[in-house]
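Every chain is numbered from 1, with letters handed out A, B, ... down the list of sequences.
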Amino acid sequence: MIRFDNVSKTYPRQNAPALHDVSLEIERGEFVFLVGSSGSGKSTFLRLILREERASTGTVHVLGKDLARLSNWKVPQVRRQLGTVFQDFRLLPNKTVGENVAFALEVIGKSRGQIRKTVPEVLDLVGLGGKDDRMPGELSGGEQQRVAIARAFVNRPMLLIADEPTGNLDPQTSVGIMKLLDRINRTGTTVVMATHDAQIVDQMRKRVIELERGRLVRDQVRGVYGYQH
Amino acid sequence: MRAHFVLSEIGVGLRRNVTMTLAVIVSVALSLALLGGSLLARKQVNSMENYWYDRVEVSIFLCNANDAETGDPACARGAVTEEQKEQIDAELQEYDLVDNVYFETAEEAFEHYQEQQADSPIAAVVTPDQMQESFRVKLTDPTRYEVISSAFAGRDGVQSVRDQRSTLEPLFNLLNGVNYAALGLMALMLVVALLLIVNTVRVSAFSRRRETGIMRLVGASSFYIQMPFILEATIAGMLGALLACVLLVGVKQFAIDTFLADEIQVIDFVGWDAVLSVLPWVLVVGALMPSIAAFFALRKYLKV
């Protein structure tokens, strides 16, 4: 699903690499936590998967494709098979909940009939059934993140990338979001989630990858957030 | 491609940037009106050149008794004789270049002079014997005036050889110069319009970076992402081009047809066919130029 082979990334005009010689493999259907302090390289790791950045050395394979060899005009085809969720939700404030989800389908050219059928389905799935016509501003943070997850999942992606999806939410709401992500994972979608939330990582007991100053320092199958002393 | 979606995006973009869009429309309109105007002016000057150059003659002025007495150096050997006149006439007939020859007598010259200078006090004191006889030579190719000039100037009995074309040339040079100035102005306006378009597209892309960011994430093709911006620029350009067309038609209708054509009847002004033939060019340039400018601007500001 995802394979990093000796991947390093150095941004222009910076001496220290953001990612240094990282090799790992994530299998289909896995749920992976990506942990590490700010500036440890988590975001760079995710940006490389999304092909927002290219690796300086080494190769990144996503869904069997070598991203370095992928030409620019083919990138959208790969991104359609990925879903992305962010800490700040990234919803369009002037569109309703239903329109926000539909937007993801419209811009890849899906037919109107298909959109009308799929959008309520996926909103039901994330627990927002019947809230199609609400504006994002009227919803709570947890509900907004559910809309974002619905938008990310509406194409039934093979892989869901979540960059601190609970970063702006209170613990109780976070649990709800994690349950939802777990449910999505059970449908066969691989989930890679960067987080700072120790409680969540400790509860879920999933694979944990830890980065520190750009290096891979830990890869545990059923890990917890911090080192156990 | 969902037309409805793209159209609504364009509408939003144009409304959000009303002032910039208006600036684009006006600058495109002005530069294209100048483009159309100078194309038409060129046609006008060309047709005037053809018209007037077809009518110009080379005049061979002959010495009269008066010239010989007043000591004109060209006429030092006295007034022209009948033999010399016959000789010149015969030689002129031999040139292929010569279309026809008309001999103007002193009497005729006097009449023309009196007609043209009726108001002048000099006309009252001029007498027929002061006027010169002349050959009025019409050439098949008016540009080859030197052939006649070199053959007859300086000959006994010939006072001077004058080409009417040389009196018209400064006028046409001036008109052509004005035309080039208009083209230069158009080029500058076009540059201004292009810079405005690039800036407008940049502002537009920046104000919608949230939407375009999401579009990129969910895998919209860059064509789909860029389309609304390019069409926005195209629509603004087309509106500018239409405005330019209205300006050109307006100038033709009101300034030329109802005003100048009555005031200056000697000039045959450009017709509607010429105006209509210029309009498609104005529209094509108005639609293509902004789209291409927007395309290149977006390559910089909307990366995949």
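Proximity to chain B is limited to the side chain of K95(A), based on heavy atoms less than 4.5 angstrom apart.
Nearest heavy atom pair, residue F103(A) against residue E211(B), reads CE2-O, 4.0 Å. Considering every non-hydrogen atom in both S221(B) and P76(A), the closest pair reads CA-CG, 3.9 Å.
Other residues, nucleotides and ligands place more than 12 heavy atoms under 6.0 Å from the NZ atom of K43(B). Within a 6.0 Å sphere centred on CH2 of W272(B), heavy atoms belonging to other residues, nucleotides or ligands number more than 12. A 6.0 Å sphere centred on OH of Y11(A) holds more than 12 heavy atoms belonging to other residues, nucleotides or ligands.
With respect to chain B, the highest number of heavy-atom pairs below 4.5 Å among I108(A), V78(A), T84(A), L92(A) belongs to L92(A).
Between the side chain of Y224(B) and the backbone N or O of E106(A), at least one donor-acceptor pair lies under 3.5 Å. Between the side chain of R210(B) and the backbone N or O of L91(A) there is at least one donor-acceptor pair closer than 3.5 Å.
Using a 4.5 Å cut-off on side-chain heavy atoms (C-beta onward), V218(B) and R79(A) make no contact. Counting heavy atoms from C-beta on, the side chains of L217(B) and F86(A) come closer than 4.5 Å. Within the 4.5 Å cutoff, side-chain heavy atoms of R151(A) are placed close to those of I214(B).
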